[in-house]
Undergrad: 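Before we start, here is the structure in question, set down as structure tokens.
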Amino acid sequence: MSLPIPPDPSPQTTPARDGAPDAGPSVAQGAAPRSAQGAASPADDRMTPAQTRQLLVYLAAAHMAAGAGAHEAEEDVVRAARAIGLPGVQMQANPNGVTLGLGHGEPATFESVEGSLRLDQTARVAAIQHGLETGSLTPADALATLRGLRRQRARFPVVGMYLGGLVVAAGIAGILQPTWPSVLFAALASPVTVALIRLTGRRLVPAALLPLFAGFIVAAAAFAAFDAGLVASPLRTMLPPVAVLLPGALIVTGLSELVAGAMVSGAARLAHGTAQLVMFAAGVAGASLLTHAPSSAFVNTRVDELGPLAGFIGLGAVTIGICLMESVPRRLAPWVLAVTTLTYATQWSIQNWLAYPAWAGACAGAFVAAFSAWVMALARPTLPRMVLFLPSFWLLVPGSLGLVSVTQLAIDPHESWKTATNASGAIVGIALGLVFGTSAARGLRVTIRRARRGRASRPA
């Protein structure tokens, strides 16, 4: 549930790192191509080894910036490399950078990963991947597109951020704390979070302190509203306005990487996500000291005044808000809504109709999110799987539960054990559901491909 921080608008270049005359601009930094670098033009299909390394390492860095796990990025790039005639590619990906060589003993290139991609940019990366695998896009065209990826402007750069942030916050409030005061508080407080995000993008607020500042300001307002008798359970009321910053997806992706064997990347994501939660909790603790919040303000109580339909209405609001903030292409919006609806309906049914614990609902929801996104992408290869899948994390809200437990642990350790256990169970459940859903979908993909090969090999 971590929102991409807008990159610095000034172009930057990355020095050559593999012995080539110039390794070209970093796709993660948004630099523009320069003719002096000798890059192939879109009309020129001839690629030097240095340019081929640039293409593949840029593609790998783009996959990582789009939120893919290290093992997924490596598999995608290896498939693309084989499709263009390079079966011996070797690479290692982690959240901060990618190292890639075209074969054993060949020169290697390193590319840093700086900042996240919006969902519209993620869709472009998926199109490049599909084009390389099918041969519908030449390597030269793919390289040119990747070089201009960061320059792809959002459809609504300012209005979309503020309006989308407001709608997302109100929608999450309808799911987490369905009361009118909480929904109103979320709508009023969300511009603070968006403003801090934009200031961070301009480097006026240090990125490392963004969780601290956002947690402090929003929590202080929530505690003041609680003291005035305007809201109940301020701990849950303060979560929706900052939910776009919480590292739920980061933590769950880290767990899934550990399960898949990507130890370095998984451990790094878990450590970074935990540090962000601690920074949020420090901001909330500071706000509680400033406002002299009583211990009753830290009770994790869900108050439902709007009924079960509030969650489904909130689901629609969250999807619309994500499409605005992330510039999701219009053709993809119905598919995103389909995946988020399936995810939330599964989670809600498990927890309410079958009365299973929260971790079971989270696990089932994550399984459905991963599996349905894969199946839709298999049925229609032009659909970007990550764009369909990532918004579901905003509904499973593992980061919110983690912030609740960390904050309670800091304020009142005796009352935090149950919440911490529930949060840990939900996070592990989501990670397991993600792994199971992805594995099932990959098995289905292998079965379909084998069936197609069998039909193609039969004599007429």
Side-chain angles (χ1 to χ4, degrees), residues 13-29 31 33-34 37-66 68-114 124-149 257 260-266 268 381 386 442 445-446 449-450 453:
T13 58
T14 301
R17 285 159 290 203
D18 60 358
D22 191 344
S26 167
V27 68
Q29 294 174 331
R34 294 178 298 172
Q37 294 168 340
S41 67
D44 186 4
D45 293 339
R46 292 172 298 178
M47 298 278 287
T48 66
Q51 291 166 343
T52 304
R53 284 195 297 273
Q54 291 175 29
L55 165 65
L56 296 177
V57 80
Y58 286 5
L59 181 62
H63 279 306
M64 293 298 292
H71 56 292
E72 296 174 323
E74 290 171 1
E75 291 174 3
D76 286 342
V77 173
V78 168
R79 281 203 315 274
R82 288 174 179 169
I84 62 175
L86 296 169
V89 163
Q90 295 179 326
M91 64 171 290
Q92 182 181 32
N94 64 65
N96 289 328
V98 178
T99 303
L100 180 141
L102 300 184
H104 181 71
E106 295 290 330
T109 298
F110 173 81
E111 183 65 29
S112 61
V113 180
E114 299 182 4
R124 181 66 65 88
V125 175
I128 295 170
Q129 176 75 31
H130 178 70
L132 289 174
E133 289 187 27
T134 60
S136 60
L137 185 68
T138 67
D141 287 336
L143 178 58
T145 304
L146 284 169
R147 282 176 164 168
L149 186 64
E257 287 175 325
M263 295 175 288
V264 174
S265 181
M386 293 299 292
R442 285 177 175 170
R445 180 179 65 180
V446 171
R449 287 181 175 178
R450 286 177 178 173
R453 291 195 200 105

Undergrad: Please list, chain by chain and in numerical order, all residues satisfying side chain to side chain contact (heavy atoms under 4.5 Å, CB included) with Ala81, sequence neighbours excluded.
TA: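 By the side chain to side chain contact (heavy atoms under 4.5 Å, CB included) rule, Ala81 matches Leu56, Leu86, Val89.
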Undergrad: To the closest 0.5 Å, what do you measure between CZ (Arg147) and CG (Leu55)?
TA: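 One gets 9.5 Å once the value is rounded to the nearest 0.5 Å.
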Undergrad: Got more than 12 heavy atoms from elsewhere within 6.0 Å of CD, Glu75?
TA: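 It does: Glu75 CD has more than 12 such atoms within range.
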Undergrad: Should Pro139 and Thr52 count as side-chain neighbours, where that means a heavy-atom distance under 4.5 Å?
TA: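 No, side chains not in contact.
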Undergrad: Suppose we screen for side chain to side chain contact (heavy atoms under 4.5 Å, CB included). Which residues come up paired with Ala60, at least two apart in sequence or across chains?
TA: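 Per chain and number, Ala60 pairs via side chain to side chain contact (heavy atoms under 4.5 Å, CB included) with Val77, Met91, Val98.
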Undergrad: Ignoring hydrogens and geometry, is there a side-chain-to-backbone donor-acceptor pair from Glu74 to His71 under 3.5 Å?
TA: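 Judged by distance alone, no pair lies under 3.5 Å.
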Undergrad: Checking Thr109 against Val57 for the side chain to side chain contact (heavy atoms under 4.5 Å, CB included) test, could you report, in this order, the C-alpha distance in whole Å, the side-chain angles of both residues, the deciding distance, and whether it holds?
TA: CA-CA 7 Å; Thr109 298; Val57 80; 3.9 Å; yes
Undergrad: Where do Met64 and Pro95 come nearest, in terms of heavy atoms and distance?
TA: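 Reported closest heavy-atom pair: CE-N, 3.7 Å.
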Undergrad: Going by the rule side-chain hydrogen bond (donor to acceptor under 3.5 Å, both in side chains), which residues pair with Gln129 if we only count those two or more places apart in sequence or in a different chain?
TA: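 side-chain hydrogen bond (donor to acceptor under 3.5 Å, both in side chains) list for Gln129, sorted by chain: His63, Glu133.
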Undergrad: Looking at side-chain heavy atoms only, is the closest gap between Met47 and Leu143 below 4.5 Å?
TA: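 SC-SC contact between Met47 and Leu143 confirmed.
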Undergrad: What residues, two or more places apart in sequence or in another chain, satisfy side-chain hydrogen bond (donor to acceptor under 3.5 Å, both in side chains) together with Glu257?
TA: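 Glu257: side-chain hydrogen bond (donor to acceptor under 3.5 Å, both in side chains) contacts with Ser265, Arg269.
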Undergrad: Work out which heavy atom in Ala66 is nearest to a heavy atom in Met386; give both atom names and the distance.
TA: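 Where Ala66 meets Met386 most closely, the heavy atoms are O-CE, 4.1 Å.
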Undergrad: In the structure I gave you, are the side-chain heavy atoms of Leu132 and Leu59 within less than 4.5 Å of one another anywhere?
TA: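 Heavy-atom side-chain distance check passes, below 4.5 Å.
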Undergrad: Hey, what do you get for CD (Gln90) to CG (Leu100), rounding to the nearest 0.5 Å?
TA: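 So the CD of Gln90 and the CG of Leu100 are separated by 9.0 Å.
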Undergrad: Any idea which heavy atoms bring Glu111 and Ala61 closest together, and the distance?
TA: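 Between these two residues, the closest heavy atoms are CG-CB, 3.9 Å.
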Undergrad: Among all residues two or more places apart in sequence or in another chain, which pass the side-chain hydrogen bond (donor to acceptor under 3.5 Å, both in side chains) test with Asn94?
TA: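 If we apply the side-chain hydrogen bond (donor to acceptor under 3.5 Å, both in side chains) test to Asn94, skipping adjacent residues, there are no hits.
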Undergrad: Taking only residues two or more places apart in sequence or in another chain, which ones pass side chain to side chain contact (heavy atoms under 4.5 Å, CB included) with Glu106?
TA: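 Once residues adjacent in sequence are excluded, Glu106 has no partner under the side chain to side chain contact (heavy atoms under 4.5 Å, CB included) criterion.
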